[in-house]
Number of protein chains: 2
Amino acid sequence: MQVGTFQRIFPGGYAPAACPSRTVLEHVTSKWGVLILVALVDGTLRWSELRRRVEGVSEKMLAQTLQTLEADGLVLREARPVIPPHVDYSLTSLGADLVKRLLPLLEWIGEHAEGIAGRAQ
Amino acid sequence: MQVGTFQRIFPGGYAPAACPSRTVLEHVTSKWGVLILVALVDGTLRWSELRRRVEGVSEKMLAQTLQTLEADGLVLREARPVIPPHVDYSLTSLGADLVKRLLPLLEWIGEHAEGIAGRAQ
DNA sequence: CAGAATCCTATACGATACTG
DNA sequence: CAGTATCGTATAGGATTCTG
């Protein structure tokens, strides 16, 4: 019997809520998750640089999302004990690997968004 | 001057809330958007098949997400006027194109979810 | 500068019941 | 079978203020 792409990639189907994949998927595809990860594609950024690059993000959501991504091992946070504070954020190798899969998606959306947004109300 | 990946892909930066890309990104990365799109990777599914394949989705969210994706031109809905009703859902060519970019991401998450979920609390 | 803390609101989401 | 309608809640997310 022929096995489809879905079966090949998800032999057990999408697992129910408890599945780790769901959790990670929701972290990554949270409103700001993708945007923050991709913002770090070219290397280290400071908190304030990140805030500027990810337009529209509130301080709360930036902090919260960064903490989640750090806990997931996707983002590295390095704080220098100086005054005023200096904190650098960068992708871990895991995070960089993930972003490689994210970029084609973002590029595609960038190319097609206009046409798509036109349809929807 | 050297132009980074971010600048190359997003010459104007991530536009503010008004940007169509943001809207499309949020549709696609909504809680069920990715799951529904990828569920259709191997071809047409009926409503009930979709509900079974996308485990855990409520009727409300399945209907709502499908409507959004249909309005976006990513999913095609074909209803046959029979009793009992028979409705087929499939990817449009645009949707199929998008799913090509989604699969590597989902595969990656499937491979790494265990390790990532282990870290986070 | 880089957040934490607090307060508040919109809405995403789910459960249930109903219908052509 | 394939939804719609209604209701209720959790929480995602934002605005603001405060601080080492």
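First the proteins, then the strands, lettered A, B, ... as listed; each starts at 1. Keep in mind that the numbers below use all heavy atoms, side chains included, and drop hydrogens, waters and symmetry copies.
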- N/O donor-acceptor pair under 3.5 Å between A/Thr65 side chain and A/Leu62 backbone: no
- Item | Rounded distance (Å) that lies between atom P of D/dA2 and atom CG of B/Leu62 | 11 Å
- Protein-nucleotide distance (B/Glu70, atom CD; D/dA2, atom C1'), rounded to Å: 14 Å
- Message: What is the separation between atom CZ on A/Arg77 and atom C1' on C/dA4, rounded to the nearest whole Å?
- Response: 12 Å
- Message: Less than 4.5 Å apart, side chain to side chain, heavy atoms only: is that true for A/Leu35 and B/Arg22?
- Response: yes
- Item | Heavy-atom check, side chain of B/Met61 versus side chain of B/Lys31, under 4.5 Å | no
- Query: CD of A/Gln67 versus P of D/dA12: gap in Å, rounded?
  - Reply: 14 Å
- What integer distance in Å separates A/His27:NE2 from D/dT11:P? 13 Å
- Heavy-atom check, side chain of A/Lys60 versus side chain of A/Gln64, under 4.5 Å: yes
- Mind listing the residues from residues 80-89 of chain B sitting with a heavy atom below 4.0 Å of DNA chain D? Number order is fine. B/Pro84, B/Pro85, B/His86, B/Val87, B/Tyr89
- With a distance cut-off below 6.0 Å to the six-membered ring centre and an angular limit of 45° from the axis, does B/Arg46 pair with B/Tyr89 as a cation-pi contact? no
- Test item: B/Thr92 side-chain N/O and B/Leu76 main-chain N/O as donor-acceptor pair under 3.5 Å: no
- Message: Can you tell me if B/Arg51 touches the phosphate of D/dA2, counting only side-chain N or O atoms and a distance under 4.0 Å to OP1 or OP2?
- Response: no
- Taking the inter-plane angle between the rings of A/His112 and A/Trp108 on a 0 to 90° scale, is it parallel (under 30°), tilted (30 to 60°) or perpendicular (over 60°)? parallel
- Does any N or O in the side chain of B/Thr44 come within less than 3.5 Å of the main-chain N or O of B/Asp88, such that one atom is a donor and the other an acceptor? no
- Item | Interatomic distance where CG belongs to A/Leu66 and P belongs to D/dG13 [whole Å] | 14 Å
- A correct 5'-to-3' footprint of nucleotides 9-16 of chain C, with B, S and - meaning base, sugar-phosphate only and no protein heavy atom under 4.0 Å, is ----BBB-
